[in-house]
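What follows is one structure encoded as C-alpha cells, with my remarks underneath.
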Amino acid sequence: MDPEQLRARRARIESAWGGLRGPVVIPSGLPVPVEGTDQFHDFHAHNEHYYLAGTQLTGSVLAFDPREGWTLFAPVADEDERIWTGDSEPLDAIAGRAALERVRGTAALRGWLEAHRGEPLALLGSTDILHHPAGYAMPSLRTLELEVDGERSSRLAAVIAEARRAKDGDELAKMREAARQSVAGHLLALRTARAGMTERRLQVELEAEFFRHGAARTAYGSIVGTGPNGAVLHFSPTQRELRDGDIVLIDAAGEHEGYAADVTRTFPVGPRFTGIQRDLYELVLATQERAIAKARPGKEYRELHLEAAEQIAAGLVDLGILRGAPQDLVERDAHALFFPHGLGHMLGLATHDAGGCLAGRAPSDRFGLKWLRADLPLQPGYVVTIEPGIYFVRAILEDPARRERYRDDVAWERVDELLDFGGIRIEDDVLITPDGAEVLTAALPKSAAAIEALRQEAQPA
Ligand code: GLY
Ligand code: MN
C-alpha cells in the first residue's frame with residue numbers, strides 16, 4: 001500500500017475525529033474456529049483496521065492516543081506457532097508496510113492500556129477483544145479497570161465509514177484490478193458455459209479464472225443460477241445442469257488486496273435469447289444504461305433507484321405483465337413484485353460497503369425500498385454498483401395476500417406462465433467522477449448482440 005496515502009488517510013481521520021480525549025483501539029480480529037474442529041475460517045481483518053493500518057494480521061490492534069499518535073500492536077509467534085505455522089513478520093517490516101513509526105509486539109498492549117486507566121476508551125474494529133482478550137495477550141478490560149464508551153465508539157466509527165465513501169488513488173488502483181480479474185472470469189464463463197454443465201462446475205471454472213488473474217479470493221459467495229434458480233437473489237450453485245432454452249445468472253467477482261468487485265451478467269445457455277427472455281433482457285439493460293448515464297456528483301442514489309423502478313414498471317406495462325400508470329405502480333410498490341431489491345450499493349473493502357446511508361437516513365420499511373442499501377447524494381470518488389433486475393420469485397408471486405392486493409395491477413395469468421422463468425440482473429461497478437461516471441467493469445460486454453456473439457463460441461461444434 002502506498003505509504004503516503006496511508007498516512008494521509010490516518011491524518012484525515014484524526015482531524016475529522018476532532019479534539020479527542022482518551023484512547024482508541026481498533027483490533028483486527030482473531031481467527032474464527034470452525035466449530036468442533038481444530039480448523040479456522042478464512043481470516044478477514046476488520047475493515048476499519050485494514051483501512052487505517054494497511055495490514056491484515058490476525059490478533060493485532062491499531063491504537064491511537066491523542067498525545068502520542070498511532071501505534072500498531074502486532075503478534076509475535078511463540079515457539080509452537082513457529083513450528084506449526086511459521087515465523088511472524090518482523091516488526092520493522094510491518095512498520096514499513098503500515099507506514100508507522102511505532103509497531104510493538106502485542107505483549108506491550110496491556111501496559112499501553114494500563115497507562116490509560118480512568119480515561120474513556122473507544123473500541124472500533126473487531127469487538128472480539130471483549131470476549132477473547134487472551135487472544136491479544138491481555139486480561140479482560142474490566143481487570144484493567146477500563147470501560148468502553150459505546151456512544152463515543154459509534155461516533156468515531158461513523159467518521160471512518162464516511163471517510164471510506166470516497167476512494168483514494170491506492171484504493172481505486174486495487175478496485176480496478178479486482179474489476180479486471182472479475183471481467184476475465186465472466187468472459188470465460190460466457191465463452192465456455194454449455195448445456196449439460198452444472199452450476200457448480202461453472203462456478204469452479206469462473207473462480208479459477210479469477211484466481212489465475214490474481215484474485216486472492218472471491219469477494220462474496222458466487223451466485224450461479226440457471227432456470228428458476230436465477231430468481232433467488234443470493235443463490236448458491238448446485239448440481240443442476242444448464243439446459244438449452246434456459247438463461248443463466250452469474251453474480252460473482254474477485255477480491256484484490258481486500259477490495260471487492262461485484263459483477264452480474266445473464267445469458268442464454270443456447271446461442272440466443274428467445275421471446276420474452278430477450279424482451280426482459282433489453283428492458284433490464286436499458287434501465288441499467290440509463291441509470292449509469294444519470295449517475296453524477298449530486299445525484300441522489302435513491303432517485304436513481306426510483307427512476308429505474310419506474311422504467312421497469314413502464315416496460316412491464318408494455319409487455320402486458322403490469323397494468324396501470326408506471327408512477328402509480330411504483331408508489332404502490334407493484335414494481336417490487338419483480339424488482340425486489342435496491343438498484344445497488346457502495347462498493348469497496350466490503351461488497352456492501354460502509355457508509356451507504358447518509359447520517360439521519362434510516363432504511364425504509366416499504367417493500368419497494370427496504371433493500372435499498374445506498375441512500376445518499378453521489379460524490380466524486382464513490383464507487384457504487386448499478387444492478388437492476390427482473391425476477392419471477394415464487395415466494396413473492398404465489399403469496400395470496402399480494403395476489404389480492406395487486407389483483408388489478410398484475411396480469412396474473414401471464415405471471416403464472418412465467419413462474420419458472422428465473423431472473424435477469426445486469427450489474428457493473430461505477431466510479432463517480434467530477435463530471436459523470438466511469439464504468440470500471442466496462443470491458444465486459446452486455447448488449448444482447450455482444451452476449452450472443454460470445455455464446456456462439458460456447459456452442460458445441
Ligand atoms: N453481489 C450480491 C449483492 O450485491 O447483493
Ligand atoms: Mn451487488
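Throughout, numbering of the chain's residues begins at 1 and tracks the sequence. Ligands are counted one by one from 1 in listed order, and the atoms in each one are counted from 1 as well.
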Quick one: list whatever passes side-chain hydrogen bond (donor to acceptor under 3.5 Å, both in side chains) with R152, sequence neighbours left out.
-> none
For the Mn ion (ligand 2), protein N, O or S atoms at a distance below 2.8 Å amount to 4
Are there more than 12 heavy atoms of other residues, nucleotides or ligands under 6.0 Å from atom CH2 of W17?
-> yes
Heavy-atom contacts under 4.0 Å to ligand 1, chain-then-number order, include exactly Y220, H234, D251, D262, H345, H352, E387
Looking just at side-chain N and O atoms, do Y406 and D333 make a donor-acceptor pair shorter than 3.5 Å?
-> no
Modelled atom types, side-chain donor and acceptor of E387 and T385, under 3.5 Å | yes
Under a 4.5 Å cut-off applied to non-hydrogen side-chain atoms, are R425 and Y391 in contact?
-> yes
Within a strict 4.5 Å, meaning less than it, do heavy atoms of the L329 and E310 side chains meet?
-> no
Which class fits the ring pair H305 and H335: parallel under 30°, tilted 30 to 60°, perpendicular over 60°?
-> perpendicular
Which residues satisfy the salt bridge (Lys or Arg N to Asp or Glu O under 4.0 Å) test with R373, sequence neighbours excluded?
-> none
Can the ring centroids of F339 and H341 be said to lie less than 6.0 angstrom from one another?
-> yes
